[in-house]
**Student:** 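Have a look at this one.
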Amino acid sequence: MAEPIRVLVTGAAGQIAYSLLYSIAKGDVFGKDQPIILILLDIPPMLPVLDGVVMELQDCALPLLKEVIPTDKVEVAFKDIDAAILVGSMPRKEGMERKDLLKANVAIFKTQGAALDKYAKKTVKVLVVGNPANTNCLIASKSAPSIPKENFSCLTRLDHNRACSQVAMHCGVSSDQVKNVIIWGNHSSTQYPDVHHAKVNLQGAETEAYQAIKDDAWLRGDFISTVQQRGAAVIKARKLSSAMSAAKAICDHMRDIWFGTKEGEFVSMGVYASGNSYNIPEDLIYSFPVQIKNSTWKVVDGLPINDFSRAKMDATAAELVEERDTALDFLSQ
């Protein structure tokens, strides 16, 4: 059997982690023959809850799960890890300005970036989930200069999955019959879900999404706003944020990093914007279409972009530039 890999999940007593940990421990992410050591990090007040999570993981009797380490100490959590899933962040509280949220999260992700730099393997793959995910990912990366920028990504797969599902439901097919939707930009309400390059399999024939749906008004209107606002709609209905769907998206994202994307398909992922062909400003974590091979992502370059898409892509980039500049101010303080 292979050597166990060390996988860190932060915010591990929270509800996304509760949906996520079982899938990781049973082999859905890193492979059915890959033993796992799970390291669970949370803040001191959450340690009693974390103990309960550890008991449940033990009680699942999962053969791949070799050890579970609960901790509130970064030097324990980040030691020699192969993968880091940074779920924990400061949530936005009522009456809180986005600037205050950014300030609190800069402090968290500066600490975690420094811990990655000091304790983790230099090959570690880091996925940032905690919001504002793109900017938190940028701060973590800047705080871990010895780890390649390409090893950092943020989660826009949930938005990608939402977009696939909306198209599939509209066409009356299952979601695996839809491919190559794109989420551009920020994991926020300015993100741009784009189906200009998507394909839908209708009765065995691959059809352009716009042809398959035949409703341009929906695709340029309600479809986009539904995907952009879906998180808020879930909160309104559940009184809690997306957990099951977020956990599934995390699994999809990390599995693709580990095993690659299917031939001819691309997925959405927030990655470093340096050297892209879409005139997106450098030094941002921006969601692009990517293909992954040998654990290395590559932005799908050269897709034709119409004026409608261009305006949406630039608007979400502008929000990210503003977020970045505010966050870097806090980082330098």
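Heads up: numbering here begins at 1 and tracks the sequence.
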**Student:** Quick check: closest heavy atoms across L284 and I280, and the distance to 0.1 Å?
**Tutor:** CD1-CG2, 4.3 Å

**Student:** Locate the shortest heavy-atom distance separating L38 from A25; write the atom from each residue and the value.
**Tutor:** CD1-CB, 4.3 Å

**Student:** Show, in sequence, the C-alpha distance, side-chain angles and deciding distance for T316 and N186, and conclude whether the side-chain hydrogen bond (donor to acceptor under 3.5 Å, both in side chains) test is met.
**Tutor:** CA-CA 6 Å; T316 189; N186 199 0; 5.2 Å; no

**Student:** Any non-hydrogen side-chain atom of L102 less than 4.5 Å from a side-chain atom of P132?
**Tutor:** yes

**Student:** Report yes or no: does N136 contribute a side-chain atom to a donor-acceptor pair with the main-chain N or O of N131 at less than 3.5 Å?
**Tutor:** yes

**Student:** In the structure I gave you, are the side-chain heavy atoms of L62 and Y22 within less than 4.5 Å of one another anywhere?
**Tutor:** yes

**Student:** Give the intermediate values and the outcome of side-chain hydrogen bond (donor to acceptor under 3.5 Å, both in side chains) for residues D329 and T326.
**Tutor:** CA-CA 5 Å; D329 275 350; T326 306; 6.0 Å; no

**Student:** Give me the ring orientation class for Y278 and W184: parallel if the planes are under 30° apart, tilted from 30 to 60°, perpendicular past 60°.
**Tutor:** perpendicular

**Student:** So which heavy atom on F109 is nearest to which on S89, and how close?
**Tutor:** CE1-CB, 3.9 Å

**Student:** Are side-chain heavy atoms of I292 and M269 found at a separation under 4.5 Å?
**Tutor:** yes

**Student:** Show me, pair by pair, the donor-acceptor contacts under 3.5 angstrom made by side chains of residues 137-145, not counting sequence neighbours?
**Tutor:**
from: K142; atom 1: NZ; to: D283; atom 2: OD1; distance (Å): 3.1
from: K142; atom 1: NZ; to: D283; atom 2: OD2; distance (Å): 3.1
from: S143; atom 1: OG; to: I139; atom 2: O; distance (Å): 2.8

**Student:** Test your reading of the model: is there a side-chain donor-acceptor pair from T10 to the backbone of V87, 3.5 Å cut-off?
**Tutor:** yes

**Student:** Using only atom types and a distance under 3.5 Å, with no angle test, would you say the side chain of N180 pairs donor to acceptor with the backbone of F266?
**Tutor:** yes

**Student:** Compare every heavy atom of M90 with every heavy atom of N105, then report the nearest pair and how far apart it is.
**Tutor:** OD1-N, 2.9 Å

**Student:** Checking side chain to side chain contact (heavy atoms under 4.5 Å, CB included) between D82 and each of I37, V124, I5, I36, which is the one that passes?
**Tutor:** I5

**Student:** Are K149 and S274 packed together at the side-chain level, in the sense that at least one heavy-atom pair is separated by less than 4.5 angstrom?
**Tutor:** no

**Student:** K312 versus I224: any side-chain heavy-atom pair under 4.5 Å?
**Tutor:** yes

**Student:** Is there side-chain contact between D159 and R162, with at least one heavy-atom pair below 4.5 Å?
**Tutor:** yes

**Student:** Under a 3.5 Å distance rule, please check whether S309 uses its side chain to pair with a backbone N or O of N306 as donor and acceptor.
**Tutor:** no

**Student:** Show which side-chain atoms of residues 296-304 pair as donor or acceptor with protein atoms under 3.5 Å away, not counting sequence neighbours.
**Tutor:**
from: T296; atom 1: OG1; to: N294; atom 2: O; distance (Å): 3.1
from: W297; atom 1: NE1; to: E150; atom 2: O; distance (Å): 2.8
from: D301; atom 1: OD1; to: S277; atom 2: N; distance (Å): 3.3
from: D301; atom 1: OD1; to: S277; atom 2: OG; distance (Å): 3.0

**Student:** One thing to verify: whether R255 and D28 come together as a salt bridge, which I'm taking to mean a side-chain N less than 4.0 angstrom from a carboxylate O.
**Tutor:** no

**Student:** With a 4.5 Å heavy-atom cut-off, do Q166 and R230 have their side chains touching?
**Tutor:** yes

**Student:** Over all heavy atoms of both residues, which pair between C164 and V181 is shortest? Give the atoms and the distance, please.
**Tutor:** SG-CG2, 3.6 Å

**Student:** Looking only at atom types and distance, does a side-chain atom of D117 sit under 3.5 Å from a main-chain N or O of S146, one as donor and one as acceptor?
**Tutor:** yes

**Student:** With a 4.5 Å cut-off on side-chain heavy atoms, are T156 and Q191 touching?
**Tutor:** no

**Student:** Are the side chain of Y18 and the backbone of A243 linked by a donor-acceptor contact shorter than 3.5 Å?
**Tutor:** no

**Student:** At their closest point, which heavy atom of N134 faces which heavy atom of I285, and how far apart are they?
**Tutor:** ND2-O, 2.9 Å

**Student:** Mind jotting down which residue pairs meet the ring pair (Phe, Tyr, Trp, His ring centres under 6.0 Å) criterion with at least one end in residues 30-83? Sequence neighbours excluded, please.
**Tutor:** F30-W258

